[in-house]
*Asks:* 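First the structure, which I've put down as structure tokens, then a few questions once you've had a look.
Model, not experiment: these values are computed from the prediction. Numbering of ligands and ligand atoms starts at 1, following listing order.
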Amino acid sequence: MALLKELLEQAPAMTQLRRDIHAHPELCFEEVRTADLVASKLESWGIAVHRGLGRTGVVGSIQGRDGGASGRSIGLRADMDALPMQEANSFAHASRHAGKMHACGHDGHVAMLLAAAQHLAAHRHDFEGTVHLIFQPAEEGGGGAREMIADGLFERFPMQAVFAMHNWPGMRAGSMAVGPGPVMASSNEFKIVVRGKGGHAAMPHMVADPMPVAAQLILALQTIVSRNLKPIDAGVVSVTMVHGGEATNVVPSSVELQGTVRSFTLPVLDLIEERMRELAQGLCAAHGMGCDFEFVRNYPPTINTPAEAEFARGVMLELLGQDQVLVQEPSMGAEDFAYMLQHRPGAYCFIANGDGDHRALGHGGGPCTLHNASYDFNDALIPVGASFWVRLAQRWLQPGNAEVI
Ligand SMILES: [Zn+2]
Ligand SMILES: [Zn+2]
């Protein structure tokens, strides 16, 4: 491994900072303390700071030896928010706020980007152009990336490409991965209400029972992926909530189904939504029921542009060596960095969080997976991720980089 010596030396300080953020988790668009901390660190290293993008977002800009005159530019993004869940860990840096927890490692993402920022600011002679450090709020469902873009992120801070990195539990510690094309799915929600006529459960001929129709519909929805979707395309339809009925002897007047739909492409998503609507309305009509159908499209798919993914992979190879650069399967999870990739080329990269052995004494009994109450970010990643950010920026902003100009 060719990690940067200075980043290894500053790792203890960055670990302390990461643990401080972990102890003070903040939810979507409430990242005030975290944003204050980020801004004050950046300012202390002489970095120009801009606040208020996407409400609590922060952008730091570092210009290289040319004062940014070359026009080369790159954006590096870290998300800052925590999750509304109770932490099971009891070690010293466990959450001090009941019901809030950094269970997705965004505390570590902030620490890695800050460590890189400190190094880049101290070595401006190593590159030409501008590095924009994007500290984004509200990744966990709030669409903070979309809000920062709406506040002029790409107009105010012109950048030729944008990159992000997420820690990934279960991947061998010390390794990284990136690939071209879709890496995360689009995330969508639906709500279907089957409307019948309630009444006495002993007199089914006097009611219009929505229960068997809802049951048929749950099964019918499973035929979309298995029977309508091209087998080599990927899609998920999960019914995750069924609400209806209050008593054993009362037929309810309606049953509500809710769930999630995932896909990597717009045509697949269009097909799934269309078939869901047809099945819901058709089945309800066949049984004399009313039907409410709502389909909400949330995060779009996260799609890496091939040239930028290959560029990032080259930096990983240089830094970690062949054995530590892995191929990452796309995930059906979702990520709002997708919005940034709709505006600029770039890549979403993965950094291994290991299998949980790193956790301090006092961690909860559960697995160290994302969104688990026993999760903790692996601090050994900080110099790895920060070295990657630094090298990526330096290589991108090298005069003569054919990828860029
Ligand atoms: Zn998450
Ligand atoms: Zn996350």
Side-chain angles (χ1 to χ4, degrees), residues 18 21-22 24-31 34-35 38 54 56-57 76-89 95 97 99-114 134-148 162-171 176-178 182-189 236 238 240 260 262 298-302 304 328-341 346-354 356 364 366-379 381-382 385 388-389:
R18 197 286 292 179
I21 299 170
H22 188 94
H24 301 92
E26 295 173 303
L27 304 182
C28 287
F29 296 119
E30 295 173 359
E31 304 90 339
T34 312
V38 165
T56 42
L76 311 177
R77 172 273 208 172
D79 37 14
M80 301 192 288
D81 56 320
L83 284 154
M85 57 186 280
Q86 185 63 37
E87 179 157 1
N89 302 316
S95 172
H97 303 307
K100 299 180 188 179
M101 178 190 177
H102 268 295
C104 206
H106 299 181
D107 49 344
H109 301 170
V110 172
M112 290 190 291
L113 190 54
L114 279 177
I134 306 164
F135 293 89
Q136 182 213 297
E139 190 285 323
E140 300 285 3
R146 190 181 50 214
E147 298 303 312
M148 288 189 88
V162 64
F163 294 83
M165 174 161 46
H166 206 294
N167 77 97
W168 210 246
M171 238 170 94
M176 293 187 73
V178 65
V183 279
M184 289 274 181
S186 74
S187 161
N188 315 276
E189 296 169 282
V236 175
S238 292
T240 57
T260 190
R262 307 291 168 114
N298 295 325
Y299 293 174
T302 304
N304 288 349
Q328 174 76 12
E329 273 187 352
S331 163
M332 279 291 176
E335 167 55 69
D336 79 344
F337 184 62
Y339 292 112
M340 295 198 185
L341 290 179
Y348 186 74
C349 308
F350 296 93
I351 183 165
N353 200 52
C368 189
T369 54
L370 298 177
H371 295 207
N372 184 281
S374 302
Y375 169 89
D376 195 25
F377 181 81
N378 185 347
D379 290 309
L381 309 191
I382 296 173
F388 171 72
W389 278 145

*Asks:* Would you confirm whether Asn298, through its side chain, and Asn188, through its main-chain N or O, come within 3.5 Å as a donor-acceptor pair?
*Replies:* no

*Asks:* Fit a plane to each ring of His166 and His109, take the angle between them on a 0 to 90° scale, and name the class: parallel (under 30°), tilted (30 to 60°) or perpendicular (over 60°).
*Replies:*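 It falls in the perpendicular class, over 60°.
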
*Asks:* Suppose we only allow N, O or S atoms; which atom of Glu140 ends up nearest to the Zn ion (ligand 1)?
*Replies:*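 It is OE2 of Glu140.
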
*Asks:* Does Asp336 use its side chain to pair, donor to acceptor, with the backbone of Ala145 at less than 3.5 Å?
*Replies:* yes

*Asks:* Report, one line per pair, each donor and acceptor closer than 3.5 Å where one atom sits in a side chain of residues 99-106; sequence neighbours left out.
*Replies:*
residue	atom	partner	partner atom	Å
His106	ND1	Asp81	O	3.0
His106	ND1	Asp81	OD1	3.2
His106	NE2	Asp79	OD2	3.3

*Asks:* Angle at the Zn ion (ligand 2): provide the value between SG of Cys104 and NE2 of His166, rounding to 10 degrees.
*Replies:*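 Taking the Zn ion (ligand 2) as the apex, I get 100° for this pair.
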
*Asks:* Is the Zn ion (ligand 1) less than 2.8 Å from an N/O/S atom of His106, whether that atom is in the backbone or a side chain?
*Replies:* no

